[in-house]
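To start, the structure under review is shown below, and the notes come after it.
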Amino acid sequence: MDIQNGFSGCIGNTPLIRITSLSEATGCEILGKAEFMNPGGSVKDRAALWMIREHEKSGALQPGGTVVEGTAGNTGIGLVHVCNERGYPCVIYMPDNQSPEKVEILKTLGAEVRVVPTVPYKDEMNYQKQAGRYADSLDNAVWTNQFDNVANRLAHFESTGPEIWAQTEGQIDAFTCSVGTGGTLAGVSRFLKQQNEDVQIVLADPYGSALYNWVTTGKATMTPGPSITEGIGNSRVTDNLAGAGIDGALQIPDQAMVTMVYRMLREQGWFFGSSTGINLCAAVKVAEQLGPGHTIVTVLADTGSKYQSNLFNAAFLDEKGLSPL
Ligand code: PMP
């Protein structure tokens with residue numbers, strides 16, 4: 001048995017799981033990187049650890065210093081765990097359109113949570129900008145700035161990418177996932193393309209995001225939304241995403257995502273969140289485009305437990321015109 005050192009030592013080295021029903025249906029290997037098995041429960045644990053380590057290495061974060069972030073939830077959860085382990089207070093700014101479960105988890109873990117009105121990025125009261133200003137106003141505090149701090153994508157270049165390459169023994173034809181900050185897609189893409197430039201990288205986007213248009217037309221203009229997905233889609237190209245080698249993009253409607261997560265739950269036993277639903281839909285589409293015999297890897301970003309009030313709430317779905325069937 002391997003022994004891991006503490007909370008941080010358990011981040012990464014997640015299993016790569018064959019999604020049996022989707023693999024059988026497409027004749028491809030559809031493999032999911034089980035990021036929900038990180039100790040904080042999501043793909044964002046890696047970014048949280050790498051960003052804190054970077055601020056420690058640079059000396060910006062001294063013992064007892066405060067870590068401030070603007071986050072839709074999972075980065076905050078990862079950060080609070082790592083902060084608790086290392087003795088840093090953690091302050092999280094969050095837009096008010098996120099699920100109440102995530103606010104409660106952050107508070108339970110010990111973060112000071114500041115829920116602020118949801119306004120566009122260009123507005124000075126945007127949650128990310130408020131987080132930056134608050135960190136600046138304190139002594140010995142850092143704004144981890146997940147969107148534009150490239151320690152985020154470095155986490156995936158140094159850990160997720162190499163793990164996927166080793167786990168598939170280099171037999172990988174395509175990688176697809178949705179994008180919030182872009183850290184996962186950009187970091188994994190950079191590593192995989194370095195090993196084999198023919199690996200196809202496909203960005204999976206929900207509606208109400210500008211990234212599908214950015215990849216397919218070069219212009220980051222918004223597509224009509226909204227989407228009930230959380231933590232993915234973006235109106236701008238972040239520093240993490242800029243320069244990433246991306247070969248194509250797919251837009252996944254919410255109904256396809258809902259059908260996917262419910263099928264996974266009822267037929268396969270998996271309890272996934274909405275971004276994972278988008279990712280699996282994209283993996284199936286990529287498999288259909290490539291044809292049988294290919295290996296497609298995607299990300300199982302988090303579980304459904306944070307989305308009981310929306311994705312797994314029949315009344316909520318009904319109100320949005322979505323059906324679990
Ligand atoms: N899925 C979930 C559940 C997330 O919380 C996030 C990040 N907000 C993502 C996917 C997107 O990951 P990234 O920020 O690396 O693009």
Side-chain angles (χ1 to χ4, degrees), residues 11-12 14 32-38 40-51 69-79 92-95 97-99 101-103 105-106 127-128 144-161 175-191 201-206 209-211 214-215 227-242 244 246 249 252 257 261 271-283 298-307 310-311:
I11 294 176
T14 54
K33 188 71 172 139
E35 293 303 288
F36 65 90
M37 290 172 79
N38 280 304
S42 89
V43 64
K44 300 303 301 203
D45 286 4
R46 299 186 195 247
L49 177 59
W50 257 254
M51 292 190 296
E69 183 56 299
T71 163
N74 279 323
T75 303
I77 292 168
L79 283 171
I92 301 295
Y93 282 80
M94 197 166 168
N97 63 349
Q98 298 297 305
S99 68
E101 292 93 316
K102 289 201 272 196
V103 181
I105 293 168
L106 285 165
Y127 69 105
Q128 296 165 46
T144 36
N145 187 14
Q146 57 166 333
F147 288 91
D148 296 311
N149 176 351
V150 293
N152 171 357
R153 75 175 176 211
L154 188 66
H156 299 284
F157 178 78
E158 291 184 346
S159 68
T160 325
F175 175 80
T176 183
C177 75
S178 48
V179 162
T181 64
T184 310
L185 187 76
V188 170
S189 132
R190 192 165 288 206
F191 183 85
I201 305 294
V202 179
L203 186 153
D205 218 19
S209 166
L211 301 176
W214 173 63
V215 174
S227 164
I228 68 161
T229 55
E230 291 179 37
I232 57 170
N234 207 324
S235 60
R236 71 182 178 100
V237 179
T238 63
D239 287 356
N240 276 294
L241 192 55
I246 301 172
I252 308 295
M257 172 279 288
V261 291
F271 189 34
F272 290 138
S274 53
S275 70
T276 300
I278 296 270
N279 291 351
L280 289 171
C281 288
T298 191
V299 175
L300 310 174
D302 70 356
T303 72
S305 58
K306 292 186 208 100
Y307 311 99
N310 42 45
L311 181 56

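When a ligand or atom number is given, it counts from 1 through the structure's own listing order.
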Close side-chain approach of Thr184 to Lys33, heavy-atom, < 4.5 Å = no

Is the backbone N or O of Gly32 less than 3.5 Å from a side-chain atom of Thr298, with the two atoms forming a donor-acceptor pair by type?
-> no

Using modelled atom types only, decide if a donor and an acceptor are shared between the side chain of Asn279 and the backbone of Leu300 within a distance under 3.5 Å.
-> no

Nearest non-hydrogen protein atom, [atom]:
{"atom": "atom 2 (C) of ligand 1", "value": "Ser275 OG, 3.4 Å"}
{"atom": "atom 12 (O) of ligand 1", "value": "Thr184 OG1, 3.7 Å"}
{"atom": "atom 9 (C) of ligand 1", "value": "Gly231 O, 3.6 Å"}
{"atom": "atom 11 (C) of ligand 1", "value": "Gly180 N, 3.5 Å"}
{"atom": "atom 4 (C) of ligand 1", "value": "Asn74 ND2, 3.8 Å"}

Specify the closest pair of heavy atoms between [X] and [Y], including all atoms of both residues, with the distance to one decimal.
{"X": "Thr144", "Y": "Asn149", "value": "O-ND2, 3.0 Å"}
{"X": "Gly73", "Y": "Leu106", "value": "O-CD2, 4.2 Å"}
{"X": "Asn240", "Y": "Gln146", "value": "ND2-O, 2.9 Å"}
{"X": "Gly76", "Y": "Ile92", "value": "CA-CD1, 3.7 Å"}
{"X": "Ala282", "Y": "Ala204", "value": "CB-CB, 3.5 Å"}

Of all the atoms in ligand 1, which lie at a distance below 4.0 Å from a heavy atom belonging to [X]?
{"X": "Gly182", "result": "13 (P), 14 (O), 16 (O)"}
{"X": "Gly183", "result": "15 (O), 16 (O)"}
{"X": "Asp302", "result": "3 (C)"}

In this structure, which one of Leu211, Ile278, Ile252, Val179 forms a side chain to side chain contact (heavy atoms under 4.5 Å, CB included) with Ile232?
-> Ile278

Heavy atom under 4.0 Å from ligand 1: found in Thr181's side chain, backbone, both, or neither?
-> both

So, regarding [X] and ligand 1 (criterion: nitrogen or oxygen to nitrogen or oxygen, under 3.5 Å), is there a contact or not?
{"X": "Val179", "result": "no"}
{"X": "Lys44", "result": "yes"}
{"X": "Asn152", "result": "no"}

Look at ligand 1 and say whether Ser42 reaches it with a heavy atom at a distance under 4.0 Å.
-> no

